[in-house]
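Whatever order the structure lists ligands and atoms in, that order sets their numbers, starting from 1. Positions are given from 1 along the sequence.
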Amino acid sequence: MLLQALRLENFRNIEFAEFEPHPRFNVFSGANGQGKTNLLESIYLLSAVKSFRPQTNQSLIRHDQDEAVLQGRVDRGGMQRIVKVSIGKTGKKVFLNNSPVRNLSDFFGTLNVIVFGPEDIQILKGSPSERRRFIDRAIFNARPGFAIETQSYEDLLKQRNAVLKSESVDAALLDIYNEQLIQYGSDIIERRIGFLDQFRPVLNATFQSIFDTSFEADLTYDFRWMDNAPKAGELTRIDIETLLEQALKSSYPEERARGFTVVGPHRDDLKATLNDFEVKTYASQGQHRAFVLAMKIAQIRYLEEQYGFAPILLLDDVSSELDRERNRYLFEFLHDRDDGQVFITTTHRDYILLSDEIVNYSIENGVVRTSN
Ligand SMILES: Nc1ncnc2c1ncn2[C@@H]1O[C@H](COP(=O)(O)OP(=O)(O)OP(=O)(O)O)[C@@H](O)[C@H]1O
Ligand SMILES: [Mg+2]
């Protein structure tokens, strides 16, 4: 998968940029606040339509302008497509080959990107929502329709919470929402567990090659809406539905008292372990970083091995967050892959240990220039 051309208008501090990226390595150097992350964010938006950081539409549009327009030409296995997202103050419009896209599931999957940024280094220390985001994005890359499934689930939660908050509960309506929660919730849990099944061996192998083969790295599903949860890998679809149904029954008094849904995949977490010890509390700083790097690299390997394509990689200033050894490993990995397009930002070009198949750019005050 290649992004062959990119064109941006009035996106954040980038008034205009147009270039044809290198099929392998594109390195963007610039001081703080010049637009490096903005550039990667634009590529991410062309893939997922929303940003990797929570944003209003307004904040994505260059100050004093009404509309931002992002456009890319994507090649996948020789087939070219034009993706376009225009962002107005009240909403976004999405186009594929210049035709408006009515159903986003027709658009998702056209461009696959994996982003790795400074916040990701904290992924194991931060709140469960960050690890849910990791797994859901990883699944989205493999199964683009998953974004629609998670959105339907979020919409359902809003409606169900409104019923729980209301003065007198409409029991018939709540029954309908419970049934939907069991179905949509099981869909999400089943996908996450299925993903982990395939992902865990890749993760362990990657961790061992980065760090040390005396450690077993693992990432397991952590149900947070039931006590004494059974092992996720052993559950069937029917089991998951039954567990959700039981938990909804027993949690009703609590849900009613708190006015929101406490049962379901929106509560769940992932547990990262090294030799069965939790990374969050036991691992050294270096092991912690190696684990996160392994999660990202394993995600790429997983897509390549299971689905046979190389996603586009967006590396936002990660070299400044990794220690020297981990940084060297990352670039060895990138260099040794046969293909795969990469966009890298940095404040210090020296961190980027690449010299072949590369175009260097500078970014200053939102202006992108080729510099070699
Ligand atoms: N809607 C907008 N219109 C104009 N400028 C904006 C808009 N949104 C953000 N900016 C500007 O973009 C700049 C930030 O860009 P960005 O986050 O890409 O910086 P960066 O080069 O990644 O910096 P760092 O190295 O600190 O991460 C800031 O100067 C900010 O004021
Ligand atoms: Mg930045």
Side-chain angles (χ1 to χ4, degrees), residues 3 6-19 21 25-72 84-93 113-123 126 130 133-134 137 289 292-293 296 312-323 326-327 330-331 334 341-354 358-372:
L3 182 63
L6 180 68
R7 185 177 196 276
L8 309 176
E9 275 171 76
N10 294 322
F11 180 70
R12 293 204 181 263
N13 73 335
I14 303 170
E15 184 181 353
F16 183 79
E18 184 170 30
F19 60 96
F25 301 113
N26 297 274
V27 177
F28 300 86
S29 308
N32 296 130
Q34 300 303 309
K36 301 185 296 298
T37 301
N38 295 347
L39 183 90
L40 298 190
E41 187 181 34
S42 73
I43 299 173
Y44 190 89
L45 265 154
L46 282 172
S47 163
V49 183
K50 62 182 184 187
S51 172
F52 49 65
R53 26 184 192 186
Q55 292 308 333
T56 58
N57 286 325
Q58 171 100 47
S59 67
L60 299 169
I61 305 168
R62 189 173 144 86
H63 298 323
D64 306 324
Q65 300 292 320
D66 299 319
E67 190 186 41
V69 184
L70 321 177
Q71 194 168 311
K84 178 170 152 186
V85 175
S86 75
I87 307 163
K89 298 202 170 166
T90 54
K92 296 194 185 86
K93 291 196 196 99
V113 306
I114 291 180
V115 58
F116 185 20
E119 332 71 64
D120 290 314
I121 302 287
Q122 294 301 323
I123 189 170
E130 302 196 27
R133 195 160 49 222
F134 167 80
R137 276 186 195 158
R289 281 161 197 244
V292 173
L293 181 59
K296 287 291 167 176
I312 292 174
L313 188 57
L314 309 177
L315 294 175
D316 191 17
D317 201 21
V318 280
S319 292
S320 58
E321 300 288 328
L322 293 170
D323 53 43
R326 251 58 74 184
N327 192 49
L330 170 63
F331 286 107
L334 295 176
Q341 193 177 28
V342 191
F343 294 81
I344 306 169
T345 70
T346 186
T347 45
H348 292 89
R349 181 62 184 79
D350 311 349
Y351 292 158
I352 310 303
L353 310 176
L354 294 168
I358 193 167
V359 175
N360 289 292
Y361 305 83
S362 68
I363 299 197
E364 203 183 332
N365 201 10
V367 179
V368 183
R369 286 193 185 86
T370 312
S371 65
N372 66 341

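Within the 4.5 Å cutoff, no side-chain heavy atoms of Leu8 are placed close to those of Val368.
Of all atoms in ligand 1, numbered sequentially from 1 with element shown, those under 4.0 Å from a heavy atom of Ala31 are 21 (O). Each of the atoms 1 (N), 2 (C), 8 (N) of ligand 1 lies under 4.0 Å from some heavy atom of Ser59. Here is the list of ligand 1 atoms found below 4.0 Å of a heavy atom in Gln34: 19 (O), 20 (P), 21 (O). The atoms of ligand 1 that sit less than 4.0 Å from any heavy atom of Thr37 are 17 (O), 18 (O), 20 (P), 22 (O), 27 (O). Those atoms of ligand 1 with a heavy atom of Arg12 less than 4.0 angstrom away are 1 (N), 2 (C), 3 (N), 4 (C), 5 (N), 6 (C), 7 (C), 8 (N), 9 (C).
Salt bridge Arg289/Asp323: absent, no basic N to carboxylate O contact under 4.0 Å.
Minimum interatomic distance between Ser59 and Arg12 (heavy atoms only, all atoms of both residues): O-NH1, 3.2 Å. Of all heavy-atom pairs between Arg137 and Tyr44, the closest is NE-OH, 3.1 Å.
Considering backbone and side-chain N/O atoms, Leu60 never comes within less than 3.5 Å of an N/O atom of ligand 1. Of the polar atoms of Lys36, at least one N or O is found under 3.5 Å from an N or O of ligand 1, judged by distance alone. Considering both main-chain and side-chain atoms, Asn32 comes within under 3.5 Å of ligand 1 through a nitrogen or oxygen pair.
Of the protein's heavy atoms, none falls inside 4.0 Å of atom 31 (O) of ligand 1.
Under a 3.5 Å cut-off, the side chain of Thr346 and the backbone N or O of Ser29 do not form any donor-acceptor pair. The main-chain N or O of Leu3 is found under 3.5 Å from a side-chain atom of Gln341 such that the two form a donor-acceptor pair. Between the side chain of Asn327 and the backbone N or O of Tyr351, at least one donor-acceptor pair lies under 3.5 Å. Using modelled atom types, one side-chain atom of Arg349 and one backbone atom of Ile352 make a donor-acceptor pair closer than 3.5 Å.
For the ligand labelled ligand 1, residue Gly30 lies outside the 4.0 Å heavy-atom shell. At a 4.0 Å cut-off, not a single heavy atom of Gly366 sits close enough to ligand 1 to count as contact.
Between Phe19 and Tyr361, the ring planes lie tilted relative to each other; the angle falls in the 30° to 60° range.
Under 4.0 angstrom from ligand 1, the non-hydrogen atoms of Ile61 all belong to its backbone.
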Check residues 33-40 and write down every donor-acceptor pair under 3.5 Å in which the side-chain atom is one partner and the other belongs to a residue at least two apart or another chain.
unit_1, atom_1, unit_2, atom_2, d
Gln34, OE1, Asn365, N, 2.5
Gln34, NE2, Asn32, O, 3.2
Lys36, NZ, Gly30, O, 3.1
Lys36, NZ, Ala31, O, 2.7
Thr37, OG1, Asp316, OD1, 3.3
Thr37, OG1, Asp316, OD2, 2.8
Asn38, OD1, Arg53, NH2, 3.0
Asn38, ND2, Asn13, OD1, 2.9

Which pairs of donor and acceptor atoms, one on a side chain in residues 62-71, lie under 3.5 Å apart (sequence neighbours left out)?
unit_1, atom_1, unit_2, atom_2, d
Gln65, OE1, Asn10, ND2, 3.4

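Of the protein's heavy atoms, Asn38 ND2, 3.1 Å lies nearest to atom 15 (O) of ligand 1. Of all protein heavy atoms, the one closest to atom 23 (O) of ligand 1 is Gly33 N, 2.7 Å.
Protein N/O/S atoms found under 2.8 Å from the Mg ion (ligand 2): Thr37 OG1.
Among residues two or more places apart in sequence or in another chain, the side chain to side chain donor-acceptor pair (under 3.5 Å) test is passed with Lys50 by none.
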